[in-house]
Novice: 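Below is one structure. I have some questions about it.
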2 protein chains.
Amino acid sequence: MLKYEVMNTCIRVFADSDQINRCREDLKSKEEGFLELADVLNLAGNAVRLKILYLLKQENELCPCDLSDILGMTVPAISQHLKKLKDAGIVTTKKSGQTIFYSVEAHSQRIISSVLDLFNLPNTIPAL
Amino acid sequence: MLKYEVMNTCIRVFADSDQINRCREDLKSKEEGFLELADVLNLAGNAVRLKILYLLKQENELCPCDLSDILGMTVPAISQHLKKLKDAGIVTTKKSGQTIFYSVEAHSQRIISSVLDLFNLPNTIPAL
DNA sequence: TTTGTATTTAAGTGATTGCTTAAATACATT
DNA sequence: AATGTATTTAAGCAATCACTTAAATACAAA
């Protein structure tokens, strides 16, 4: 039967095709939002970057050198993480002398605060 | 000077060493929390897994085959994502006949709901 | 103008990711 | 017992990640 070849999946006798279609429609309408949110979560889903975002929010602004000292990592390693965050528009920079201060971009403050608030949820995941 | 060799970083004349030390202490006390949260965010920071979590929450439970159909991906690809979520204790399974239903693990409902609620924040990131 | 400081960029590397296809496993149904 | 269905596991692979070291850039200060 052509149908199954096209679907390229198993033949579920008891599948609820209404449910499947409803879910597909729903996802389609939210596709862009999922990609954007996944991007932010992916950036925050690295312990170093999560700490950087926490520190920038907490201290208002920090330079790569400060972060390097605080996190005990080389400056280039920090710089590359900051670049990712800046390319995504999550952090912004301000030059002062030869020091470059990084801070959380105004439009991203809310989502970053919300992400960091997850820290305070008890019982995050029992398996870890 | 030995100091700089040990620190292995740049020499910041204007560095605020009180700030640096305060931040270091603060991070140390929260280290484990950052690792756990980063793990969850990293798992959710993939569009496919984010959709899976959304669907499982929305539909209560779904089998790999359903998800394969809904997301238009092969069953093994879905299965491997589900394995990651299950290994992290975020989802759980229930057997019914030869179908295995996945759902969000009770203890993870809150954090997953909170993560999915980020979807509703307006102006997520302007750059994307 | 030379030196020093702060940062970024580049190149290289080993580890991890997310898929693919094929095979294995588990178990219903006939 | 044999076949079919649902799922997982394994192996392979290109792409990405997160670091390293070295070099380049930018600019302040002597």
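Throughout, a chain's letter reflects where its sequence line sits, starting with A, and its residues are numbered from 1.
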Novice: Looking at the side chain of A:V48, which of C:dC19, D:dT8, D:dC19 is the nearest nucleotide?
Specialist: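 My answer, after comparing the listed nucleotides, is D:dC19.
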Novice: Between C:dA6, C:dT20, C:dT7, which nucleotide gets closest to the side-chain atoms of B:A77?
Specialist: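 Given the options C:dA6, C:dT20, C:dT7, the side chain of B:A77 is closest to C:dT20.
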Novice: Of the options C:dG18, C:dG4, D:dT5, whose atoms approach the side-chain atoms of B:Q98 most closely?
Specialist: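 For the B:Q98 side chain, the nearest candidate turns out to be D:dT5.
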Novice: Between A:G45 and A:K95, who's closer to the 5' end of DNA chain D by nearest nucleotide?
Specialist: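 Of the two residues, A:G45 wins.
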Novice: Base, sugar-phosphate or nothing for B:F101? Non-hydrogen atoms, less than 4.0 Å.
Specialist: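 Touches nothing.
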Novice: Salt-bridged, B:R22 to B:D18, with N to O below 4.0 Å?
Specialist: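 Result for this pair is no, no salt bridge flagged.
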Novice: Between A:T93 and B:G97, who's closer to the 5' end of DNA chain C by nearest nucleotide?
Specialist: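 It is A:T93 whose nearest nucleotide is closer to the 5' end.
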Novice: Give me the ring orientation class for A:F34 and B:F119: parallel if the planes are under 30° apart, tilted from 30 to 60°, perpendicular past 60°.
Specialist: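 Correct class here is tilted.
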Novice: Is A:T99 near enough to C:dA6 that one of its side-chain N or O atoms lies under 4.0 angstrom from OP1 or OP2?
Specialist: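 False: A:T99 side-chain N/O out of range (4.0 Å or more) of C:dA6 OP1/OP2.
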Novice: Side chains of A:T93 and A:K86: do they bring a donor and an acceptor to under 3.5 Å?
Specialist: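 Judged by distance alone, the side chains do pair up.
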Novice: When you measure only distances, ignoring hydrogens and angles, does the side chain of B:Q80 come within 3.5 Å of the base of C:dT20 through a donor and an acceptor?
Specialist: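 Looking at the base of C:dT20, it does pair with a donor or acceptor on the side chain of B:Q80 (distance under 3.5 Å).
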Novice: So, is B:S79 near the phosphate of D:dT7, with a side-chain N or O under 4.0 Å from OP1 or OP2?
Specialist: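 So the side chain of B:S79 is outside the cut-off, no N or O lying under 4.0 Å from OP1 or OP2 of D:dT7.
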Novice: Within the pair B:K84 and C:dG18, is there a side-chain N or O less than 4.0 Å away from OP1 or OP2?
Specialist: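 Yes, within the criterion.
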Novice: Whole Å only: how far is the CG atom of B:N42 from the P atom of D:dA18?
Specialist: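 B:N42 atom CG is separated from D:dA18 atom P by 8 Å.
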Novice: Does a nitrogen or oxygen in the side chain of A:Y102 sit under 4.0 Å from OP1 or OP2 of C:dA6?
Specialist: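 Answer no for this pair, as no side-chain N or O of A:Y102 is under 4.0 Å from OP1 or OP2.
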Novice: Return no unless some side-chain N or O of B:N46 is found under 4.0 Å from OP1 or OP2 of C:dG18.
Specialist: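 It does, given that an N or O in the side chain of B:N46 lies less than 4.0 Å from OP1 or OP2 of C:dG18.
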Novice: Regarding B:K30 and B:E25, does a basic nitrogen lie under 4.0 Å from an acidic carboxylate oxygen?
Specialist: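 B:E25 and B:K30: not salt-bridged.
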Novice: Does A:H81 place a side-chain N or O at less than 4.0 Å from the phosphate oxygens OP1/OP2 of D:dC19?
Specialist: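 The answer is yes; a side-chain N or O of A:H81 sits under 4.0 Å from OP1 or OP2.
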